[in-house]
Each structure stands twice: as structure tokens, then as C-alpha cells.
Amino acid sequence: MKVLGLGAHPDDLEVFCGGTLALFAARGDEVVMCHASIGNLGTPGGDPAELGDQRTREARRAAERAGAEHATLGWRDGTIRAEDSEQREALEEFIRQCAPDLVITHPEADYHPDHRGLSRLVLDATHRAANPVRKSSYPPLREHIPIIYTESETGLEFEPTEWVDIGPVLEVKRDMVAAHASQLEPLEIEQHRATELFRGMQCGVARAEAFRPCMRWLRVRTRRLLP
Ligand SMILES: [Zn+2]
């Protein structure tokens, strides 16, 4: 299976589903970790362009640690909007080129406008990417691919239906997060670790990541896709 993780910013996939992506890779699935924006406004002060370059390098190291391929759409921080037709078309092309079997991304209700914007863009772009009538440099997806939503920030307005035990890859996840050296303070690591503990408590393991599949027509599958 080919799994595409799409996060709004360079560290989102790492904190919300880094363990799960590492587990996919460890079991032999092909994993692509793509951050839509380069995170150029991730920390105050300094040069945004330099920060964007640095954060892209950090994300590349994190993906390498997970055994995943790194990608970015190269967008600017704070500009991701569901209504942006250029972004939607660029994302559609990227998804056609990548041809994943599963996409993991932010839930529609999350705190950051970029997260909400990307979630909706993913839903719309994957729908269009399966349409054979649309003009594209790449062939259409062979089906409407399933989408699985990650945790929201601190789990607010997010009711999971699937949990993944990340115990076996906890060190990998820690390294993936630590690769984001420019963001260690804004990452609020204790906050994310508390969420892992809380989700682990819910399913009877030490630490877990939680998910909810997209329940729209053509996206539902009969078998579990998560590791
Ligand atoms: Zn983010």
C-alpha cells in the first residue's frame, strides 16, 4: 500500500501521526510525508525564507528517520484556503502524480486555519483526482481513495474511532519530532505527549495515536487500513 501523509506545516505529521507513519513504513508500506506549507512563519523574528528552508530540511530528516519519502508543496504559511482553486489544482496534480492508496491529513475541525483549509482541499482534490474527464498531466486515480483524519490539536472536537499503539516505534517518533530543532519550543512537546498518554489510556496501551476515517460516500472501506 502507498500512504500519503499531508500536513499543513513541516512538523504536523510528526506530532499527530509520526508513530503511525513509521509503523506503516516498518511493515513495508510506501510512505510519503508531504507538508503543504514550508512553515516560514513558524517562529517570530528572523528571515521567513531562511526559516522555510531550514524547516524543509528538518522535515526531510524526520521523513528519513521514519523510512518515508519527503515532499512539500512549497506553499507559504498562513495561506492555505479551501476556496483557493490554484491550490486545489496543484494538490490534485500532486495526488495524481503520487497515486496513493490512502491519505492521512488533518480533521476538518481543528484550531489552525491552514489545517482546516488543507483538510477540505484534500477532500476536494482527491475527489477530482479520481475523475477521468478532468485534464491533467497524470492519469486519474483508479478510485476515490480513503482518507483518515489525525487527531486535532489536544483532541478538541475530535472523537476517534481507531487507535494505533505507537509503543514499538516510540523512539523513532521522538527522533522525528526532535528533527524539528527550530520548533522545539513552539512544538509544546509535553502537550503532545499528554495526548499520546490520554489516547493510550483509552485503548489500553501506554501511548497511542488516534484517528477517524472520512465517512463520506466512496471513501468507506470494510477492512482496517491503519497498522
Ligand atoms: Zn500545523
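Every number for a ligand or one of its atoms is a count from 1 in the order of the listing.
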Student: Ring centroids only, cut at 6.0 angstrom: are H106 and H112 within range, meaning strictly under it?
Tutor: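 They do not qualify: ring centres at least 6.0 Å apart.
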Student: Show the nearest heavy-atom pair for residues S136 and R96, with the distance to one decimal.
Tutor: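 Nearest heavy atoms, S136 then R96: OG-CD, 3.1 Å.
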Student: Under a 3.5 Å threshold, yes or no: a donor from one side chain and an acceptor from the other, between R199 and Q202?
Tutor: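 Checked: R199/Q202 side chains pair up, N/O donor to acceptor below 3.5 Å.
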Student: Check which hydrophobic residues are tied to I80 through side-chain heavy-atom contacts below 4.5 Å, counting indirect links as well, and list them.
Tutor: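 L4, L6, V32, L73, W75, L91, F94, I95, V103, L118, L121, V122, L123, L141, I145, I147, Y149, F158, which link up through side-chain heavy atoms under 4.5 Å apart, make up the rest of the cluster.
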Student: For E209 and T20, does a side-chain donor sit closer than 3.5 Å to a side-chain acceptor?
Tutor: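 There is such a pair (donor and acceptor under 3.5 Å, judged by atom type) between the side chains of E209 and T20.
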Student: Can you find a side-chain donor-acceptor pair between E93 and Q97 that sits under 3.5 Å?
Tutor: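 No, no side-chain donor-acceptor pair sits under 3.5 Å.
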Student: Below 2.8 Å, which protein N, O or S atoms neighbour the Zn ion (ligand 1), ignoring water?
Tutor: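 Near the Zn ion (ligand 1), below 2.8 Å, one finds H9 ND1, D12 OD1, D12 OD2, H115 NE2.
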